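Residues take their numbers from the sequence shown, with the count starting at 1. Just so it is clear, the structure is predicted and the values come from calculations on it, not from any experiment.
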Amino acid sequence: MMNPWVIAAMIPAMVILMVHFAIGPFGHPSRLHWHLKWKARPASLRQPLILLATLVLLAGATHVTGFWLWPSAPASTPVTP
């Protein structure tokens, strides 16, 4: 079973990396100031967020491709009277 929360967690992670690399809509000149503000932040803040975003995207990609799936609820055992 695919967990929708894993997919939802990938969205902010992708935004962090897109702002960092100034790609996609964040590479457009009208959004370039976001990238410059991101680069002005201290590295002690940026690096852990980039690492976390990368791990979330890797986990999400392996989840979507089926390498690991969210554990389904255990089958209920029949109760005999």
Side-chain angles (χ1 to χ4, degrees):
M1 180 173 142
M2 195 177 312
N3 186 350
W5 291 105
V6 174
I7 308 305
M10 292 175 71
I11 295 169
M14 193 65 218
V15 168
I16 288 173
L17 290 180
M18 289 175 77
V19 168
H20 175 73
F21 291 116
I23 56 176
F26 302 103
H28 190 271
S30 66
R31 302 275 196 282
L32 203 53
H33 64 281
W34 289 10
H35 170 71
L36 296 175
K37 285 181 184 178
W38 171 258
K39 286 296 196 179
R41 303 263 182 206
S44 60
L45 174 71
R46 285 185 288 132
Q47 290 175 348
L49 286 175
I50 291 171
L51 177 65
L52 181 65
T54 303
L55 293 175
V56 166
L57 287 174
L58 286 174
T62 57
H63 180 64
V64 169
T65 55
F67 285 109
W68 67 274
L69 296 175
W70 195 259
S72 58
S76 60
T77 55
V79 177
T80 55

Closest non-hydrogen atoms of V6 and G60, given as atom of the first, atom of the second and distance, are CG1-CA, 3.7 Å
Check whether L58 and I23 end up in the same hydrophobic cluster, where Ile, Leu, Val, Met, Phe, Trp and Tyr are linked by side-chain heavy atoms less than 4.5 Å apart. no
Could you walk me through whether H20 and H35 pass the side-chain contact (heavy atoms from CB on, under 4.5 Å) test, one step at a time? CA-CA 6 Å; H20 175 73; H35 170 71; 5.7 Å; no
Output side-chain donor-acceptor pairs under 3.5 Å for residues 41-51, partner residues at least two apart or in another chain, one line each.
residue : atom : partner : partner atom : Å
R46     : NE   : R41     : O            : 3.0

Kindly give the heavy-atom pair with the smallest separation between V19 and W34, and that separation in Å. CG1-O, 3.9 Å
How far apart are the closest heavy atoms of G24 and M18, and which atoms are they? CA-CE, 3.8 Å
Looking at every heavy atom in both A22 and L32, which two are closest together, and how far apart are they? CB-CD1, 4.2 Å
Let me check something: do V64 and M14 share a hydrophobic cluster, defined by ILVMFWY side-chain heavy atoms less than 4.5 Å apart, either directly or through other members? yes
Measuring from W5:CH2 to M10:CE, what's the distance to the nearest 0.5 Å? 15.5 Å
For the CZ atom of F26 and the CD1 atom of I16, what is their distance to the nearest 0.5 Å? 10.5 Å
